[in-house]
There are 2 protein chains.
Amino acid sequence: MSANIKDVALKAGVSIATVSLVLNNNTRISSETKRKVLKAVKELDYHPSRSARGLVSNITGNIGFILTDDHFLKTEPFYTRIFLGSEFAARESEYYILLATIDSKFKEGDSLPRFLKEKNVDGIIIAGKVPLDFIDVVSKLEIPFVFVDYYPQQGDFPVVIIDNVKGGFTATQHLINLRHQKIGFIGADIMHPSISDRLYGYKSALQNSNLYFDESFIVTEEDYPNRACGYSAAKKLYEKKPDITAIFACNDAMAIGAMHFLKDNGLKITGDVSLIGFDDVEADLMLDPPLTTIHVPKIELGTEALNLLMKVIKNNSSPKKILVPIELVVRESTRKLN
Amino acid sequence: MSANIKDVALKAGVSIATVSLVLNNNTRISSETKRKVLKAVKELDYHPSRSARGLVSNITGNIGFILTDDHFLKTEPFYTRIFLGSEFAARESEYYILLATIDSKFKEGDSLPRFLKEKNVDGIIIAGKVPLDFIDVVSKLEIPFVFVDYYPQQGDFPVVIIDNVKGGFTATQHLINLRHQKIGFIGADIMHPSISDRLYGYKSALQNSNLYFDESFIVTEEDYPNRACGYSAAKKLYEKKPDITAIFACNDAMAIGAMHFLKDNGLKITGDVSLIGFDDVEADLMLDPPLTTIHVPKIELGTEALNLLMKVIKNNSSPKKILVPIELVVRESTRKLN
DNA sequence: TTCAATCGGTTAAACGTTTAACTTAAAATT
DNA sequence: AATTTTAAGTTAAACGTTTAACCGATTGAA
């Protein structure tokens, strides 16, 4: 068996209480004893037993990371990257991360991940849009939670998110700066706050530059904003507005779909049309031409979410909104209109 | 606070030992008492404390699920599905799953996931190819582990895998059945056992049908078998063998890349060439035409891996190889040669 | 009829921590 | 010099289980 607190105490010549206090950064201990204890800890490669610690302190040391299965299975690894950010941050912290998915059509009464049933997490990260029913269930659990990359309209929760309005504005402004005037927007699942915010940013930018605009510049599909959706939306957009010179897709997946449509129909990027996406997924670089987009720092969203959750757990901090900055990434799919 | 074993014992009118024995399916208990206890458990929504249980029994109740970061971030959700299978199976079991990634260039001495450093898992699932250095490190930990969708050549380990040779054979045989004779193979990372097995199956099928064949029908790229790789491999293949009538891609990602190459060069599927992939990823259905492929039951791989691991943990079972059956899925990218 | 075996359960120790309450010595205050 | 305060550490109880050892009652064998 591996060393326990007794072994450390013996080796350092102190009581087990002292070892515990040192490890919990109690100020009552002199720096000399601290040094001795830490030395013994290192030499014995001692790690406190989570079970013992949890038993007495009622801390599980676990963090739940929850998202819907279809978000998890998305083709463009977006939420997986956010998870990675959290997981990486957790390596530095006291916590383990338990990843679980829920049904994207979760209803009250549906089976929950085990660690929720048993209340075996100290906090929860909810990534991406989840059914309101699920939020209701989680709220009743009395376990602290934070949202990342999504939060529900009603209610006031701690959340880590990007400024989607600003992103939409920036993307559109980029096209305007390139002298484009007829700029189409393709989106989907318009009830999703991120997407409606991006659309709002798009409209604001146009308005801000006094550009003519009407609803026929906008195509929004019903379902999930994926490649297939981008293809069909681009198609519809061209049927309505064949004279557009630029397209802003609400995310890169749709932009990729749109790109396929354009290729299939002999439309050249950037000869005939400029295209900008949103997210900055890996695939963008492989495209021909590489996609101009708004960079979303996914890893950072994950680490920030974990850090915020830690604060919520520790200080019982009040609802707080953390905005992670985004950035325009100019590649080759947008060009100045001549 | 939630109920503990004392509350249950009180309610059922027995000792806490009895409650514990019932919950651990000890045979010493009469069915009548068992019933009483179970009733009390249900009424109080009692869940044993993992900490307390772990403290006395030295069982953590955690399973580690480990894969390289680039496998986790793959565009086609393959390993995420395997994870999902394991996660779902774990809901029925006693265990929590801790997902962690390691660097795809992991070297001895690199930072390990926390739960490994602290030996806080009862078993490990290793998904996909991982560096040998990592396997060495894990072996020294004396924690049971199983491989899924990969295992190293040397050594004898418990593993859940598909029959890649058979898959390669089946795919090729399908093309042969459609009267194709000049069948190209595109692959990558040929050191990967799955891929070399598929190639072996391809060769066997050709040989089995006495078809003429030489190495120039085969193109293998150095790096990871992704879309970009499929594009370039298809290109090279056509430069060497412009008269092929069918292509077997070692996985769907490469098949998709190849499809793009074919489209870009005015080659029609299935008019000019038939194409078959391997894996059966979601994207296949969106393609034009939908891709014929070998279906790999990813969820099942995950559940089987978890189940096997449980057996290894419990019975200390000997190394065992579980073969999960694959299946040919005929869609529209392959057609009889006329 | 007596003794051993079996059945169905209980008692109590142990697991490895945390932390409130306590102790002792030294320093500061009166 | 006597008293109080502070600093630095120790003692011991508590957390909620599991499980070996134990116990009494019933059954079976001799």
Side-chain angles (χ1 to χ4, degrees), chain A residues 1-41 44-62 94-96 115 118-120 122 313-314, chain B residues 1-41 44-62 94-96 115 118-120 122 313-314:
Chain A
M1 269 329 288
S2 45
N4 64 18
I5 199 170
K6 253 184 174 167
D7 303 322
V8 176
L10 205 66
K11 181 149 205 160
V14 296
S15 73
I16 64 162
T18 303
V19 176
S20 175
L21 292 173
V22 168
L23 261 33
N24 291 292
N25 295 312
N26 193 299
T27 52
R28 231 165 34 199
I29 307 296
S30 73
S31 53
E32 168 60 11
T33 343
K34 203 175 216 166
R35 201 190 49 71
K36 279 194 306 187
V37 170
L38 258 23
K39 182 160 168 267
V41 164
L44 294 171
D45 189 30
Y46 166 69
H47 297 283
S49 149
R50 294 197 153 231
S51 300
R53 186 175 260 183
L55 185 55
V56 55
S57 68
N58 258 321
I59 289 172
T60 69
N62 296 329
E94 301 283 288
Y95 287 98
Y96 292 157
F115 58 73
E118 301 179 352
K119 298 202 183 181
N120 248 306
D122 300 332
I313 290 174
K314 271 163 192 155
Chain B
M1 271 329 290
S2 43
N4 63 19
I5 199 171
K6 253 182 174 167
D7 302 324
V8 177
L10 204 67
K11 183 149 204 161
V14 296
S15 73
I16 63 163
T18 303
V19 176
S20 176
L21 292 173
V22 167
L23 260 33
N24 292 291
N25 294 312
N26 194 299
T27 50
R28 229 159 42 196
I29 308 296
S30 72
S31 55
E32 169 59 12
T33 343
K34 202 176 217 168
R35 202 190 48 72
K36 279 195 305 188
V37 169
L38 258 22
K39 182 159 169 265
V41 164
L44 294 171
D45 189 29
Y46 165 69
H47 297 283
S49 149
R50 292 196 156 232
S51 300
R53 184 174 262 186
L55 185 55
V56 54
S57 68
N58 258 320
I59 289 172
T60 68
N62 296 329
E94 301 283 289
Y95 287 98
Y96 291 157
F115 58 73
E118 301 178 354
K119 299 203 184 181
N120 247 307
D122 301 332
I313 290 173
K314 273 164 191 154

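Lettering follows sequence order; numbering is per chain, from 1. Everything quoted here is computed from the prediction, not taken from an experiment.
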I need the [atom1]-[atom2] distance between [X] and [N], as an integer number of Å.
X	N	atom1	atom2	answer
Leu21(B)	dA21(D)	CG	P	15 Å
His47(B)	dC15(D)	NE2	C1'	19 Å
Asn25(A)	dT18(C)	CG	P	12 Å
Ile59(B)	dC15(C)	CD1	P	16 Å
Asp7(B)	dC15(D)	CG	C1'	14 Å
Glu32(B)	dC7(C)	CD	P	19 Å
Glu94(B)	dT17(D)	CD	P	14 Å
Lys6(B)	dC15(D)	NZ	P	7 Å

Next on the checklist: For Ile16(B) versus Lys6(B), what's the shortest heavy-atom pair and its separation?
Outcome noted: CG2-CA, 3.9 Å

Checklist entry - Out of curiosity, Asp122(A) CG to Glu94(A) CD, how far, rounded to the nearest 0.5 Å? => result 10.5 Å

Checklist entry - How long is the gap from CD1 on Ile5(B) to CG on Leu10(B), to the nearest 0.5 Å? => result 12.5 Å

Can you identify which nucleotide, out of [options], has its nearest atom closest to the [X] side chain?
X	options	answer
Val56(A)	dA14(D), dG9(C), dT10(D)	dA14(D)
Ala17(B)	dT17(C), dT11(D), dT10(C)	dT10(C)
Ala52(B)	dG16(D), dT10(D), dT17(C)	dG16(D)
Tyr46(B)	dA14(D), dG9(C), dT17(D)	dT17(D)
Ile5(B)	dA12(D), dT11(C), dT17(D)	dT17(D)

Using only side-chain N and O atoms of [X], determine if any of them is under 4.0 Å from OP1 or OP2 of [N].
X	N	answer
Arg53(A)	dT18(C)	yes
Ser20(B)	dT18(D)	yes
Ser15(B)	dT10(C)	yes
Thr33(A)	dG9(D)	yes
Asn24(B)	dT18(D)	yes

Checklist entry - Is the side chain of Asn26(A) donor-acceptor paired with the backbone N or O of Arg28(A) at a distance under 3.5 Å, no angle test? => result yes

Checklist entry - Distance-only, no hydrogens or angles: does the Asn62(B) side chain make a donor-acceptor pair with backbone N or O of Asn120(B) under 3.5 Å? => result yes

Checklist outcome for this item: Comparing Leu55(B) with Lys34(B), nearest DNA chain C nucleotide closer to 5' gives the residue Lys34(B)

Checklist entry - Closest nucleotide of DNA chain D for Arg28(B) versus for Ser57(A): which of these residues is on the 5' side? => result Ser57(A)

Checklist entry - Mapping Ser31(A) and Ile16(A) to their closest nucleotides on DNA chain D, which lands nearer the 5' end? => result Ser31(A)

Next on the checklist: Does any part of the side chain of Phe115(B), heavy atoms only, come nearer than 4.5 Å to the side chain of Thr60(B), both counted from C-beta?
Outcome noted: no

Checklist entry - Checking all strands, does Ser30(B) fall into the base, sugar-phosphate, or nothing category for heavy-atom contacts under 4.0 angstrom? => result sugar-phosphate

